[in-house]
Amino acid sequence: MEEISAGFSVAPDLAEALAAWRRWLEVERQVSHHTLDAYTTDVRIFFLFFTEYHGRPPALVDLGAANLADFRAWLSDRAREGLAASSRARALAAVRNLFSWLDRDGRLHNPVVGMVRSPKIPQTLPRPLTQNDATDLLDHAETQPDELWIGLRDRALFTLLYGCGLRIDEALQLNCGDTLGADRKTPAELVTITGKGRKQRRIPVLPIVRIALLNYLAARPWPTSDESPLFVGVRGGRLNPGVAQRQMRLVRFSMGLPDTATPHALRHSFASHILADGGDLRAIQDLLGHASLSTTQRYTDIESERMLEVYRQSHPRARAD
């Protein structure tokens, strides 16, 4: 047996297969580090359950013989532990990915996992900020930290998220050279972003975003080169997403904003505000990097909900009822 996680083991043939699967995800599929870690964790938890459920560490032959009851019992166990439906659905996707790869690689064939019904995920609408709150938040972000350059960094980061509709991971993986124009001194008007699944998209950078970036880069105490991280922490390393989340918490607390005012809410605000001003849904899809238009169409639901709320509050007959 080869130990792959604290507290349990798997048979050598399965340990070797897991290592090969992980290399395939990382090298050939080029999934993000976040996805790689999430999938690996979900699969290991599945094997931990499998070991406890059957009373022995699993081997490839055990996976090939796994039945519908095994998978349902695992998902039920995860639900009893309080795991949300969205997290259970992601865990099932990870296990399916592994079984699919094992099948293609000729190691085992078990179509049962494809018959497992994915947990139903409740549809929730994104919660964007109002246009006034989004604008005020950018101004407020600069005033919170004690050090000027950190305030300029936070303003530049949040302005980039709101002005370009980026995910927080997309913004934090940028290097200085990714955002500079031909003169290598001033921010570019177009930037290439690498999103989910390593898919790239070109997005325009508004003047207000370029100004915020320029002010931050001029003030930060760490050297700037094409290869250095665009957003850095107090020690000069790449800024951690947790730090960005913490800075946002400080800003929203001081402004009295709800907990839904997160860095990701700035991306939602970007899409919602463009749509409210007459933006084309297909263009918004391209800017956000959505693979499916149905994902982008959620923002039309937000606008419909907002208009209904205005109607309920303003129309005489609505108030009378």
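Fair warning: this is a prediction, and the values are worked out from it, not measured in the lab. Residue numbers start at 1 and run along the sequence shown.
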Residues E26 and R23 bridged, charged N to O under 4.0 Å: no
ring-ring contact (aromatic ring centres under 6.0 Å, His included) partners for H140, two or more places apart: none
Partners meeting salt bridge (charged side-chain N to carboxylate O under 4.0 Å, His left out) with D70 (sequence neighbours left out): none
Under the ring-ring contact (aromatic ring centres under 6.0 Å, His included) test, residues paired with Y53 that sit two or more places apart: F49
Any residue meeting side-chain contact (heavy atoms from CB on, under 4.5 Å) with E28, in chain and number order, not counting sequence neighbours: W24
Sub-4.5 Å side-chain heavy-atom contact between P241 and L172: yes
Residues R153 and E147 bridged, charged N to O under 4.0 Å: no
pair T143-D139: side-chain heavy atoms closer than 4.5 Å: no
Salt bridge (charged side-chain N to carboxylate O under 4.0 Å, His left out): pairs with one or both residues in residues 165-182, sequence neighbours excluded: R167-E170, E170-R201
Distance in Å, S269 OG paired with L129 CG, rounded so as to fall on 0.5 Å steps: 4.5 Å
Salt bridge (charged side-chain N to carboxylate O under 4.0 Å, His left out) contacts touching residues 53-65 (sequence neighbours left out): R56-D62
Can I get a per-line list of side-chain donor-acceptor pairs under 3.5 Å for residues 259-266, giving both atom names and the distance, sequence neighbours left out?
residue : atom : partner : partner atom : Å
T262    : OG1  : H264    : N            : 3.4
T262    : OG1  : A265    : N            : 3.2

Sidechain-backbone polar pair: N67 side chain, A69 backbone, donor-acceptor under 3.5 Å: yes
R117, CZ: over 12 other non-hydrogen atoms inside 6.0 angstrom: no
Minimum-distance pair of heavy atoms, taken over all atoms of V205 and A188: CB-O, 3.6 Å
Distance in Å, S100 OG paired with D105 CG, rounded so as to fall on 0.5 Å steps: 11.0 Å
Heavy-atom side-chain proximity of D154 to Q144 below 4.5 angstrom: no
Sequence-distant partners of Y39, ring-ring contact (aromatic ring centres under 6.0 Å, His included), two or more places apart: none
Partners passing ring-ring contact (aromatic ring centres under 6.0 Å, His included) against F231 (at least two apart in sequence or in another chain): Y216
For T179 against L230, the heavy-atom pair lying closest together: CG2-CD2, 3.7 Å
Side chain to side chain, D286 and R202, heavy atoms closer than 4.5 Å: no
Pairs flagged by ring pair (Phe, Tyr, Trp, His ring centres under 6.0 Å) wherever residues 156-186 is involved - sequence neighbours left out: Y162-H273
Side-chain heavy atoms of H109 within contact of D103, under 4.5 Å: yes
Neighbour count above 12 (heavy atom, 6.0 Å) for I208 CD1: no
Cluster link W74 to M115, ILVMFWY, side chain under 4.5 Å: yes
With sequence neighbours excluded, residues passing side-chain contact (heavy atoms from CB on, under 4.5 Å) with R90: A38, D42
Side chains of P145 and Q247 in contact at under 4.5 Å (non-hydrogen atoms): yes
Side-chain heavy atoms of I193 within contact of L174, under 4.5 Å: yes
Sequence neighbours excluded, every pair satisfying salt bridge (charged side-chain N to carboxylate O under 4.0 Å, His left out) that has a member inside residues 210-236: R184-D226
Crowding at CD, Q245 (>12 non-hydrogen neighbours, <6.0 Å): yes
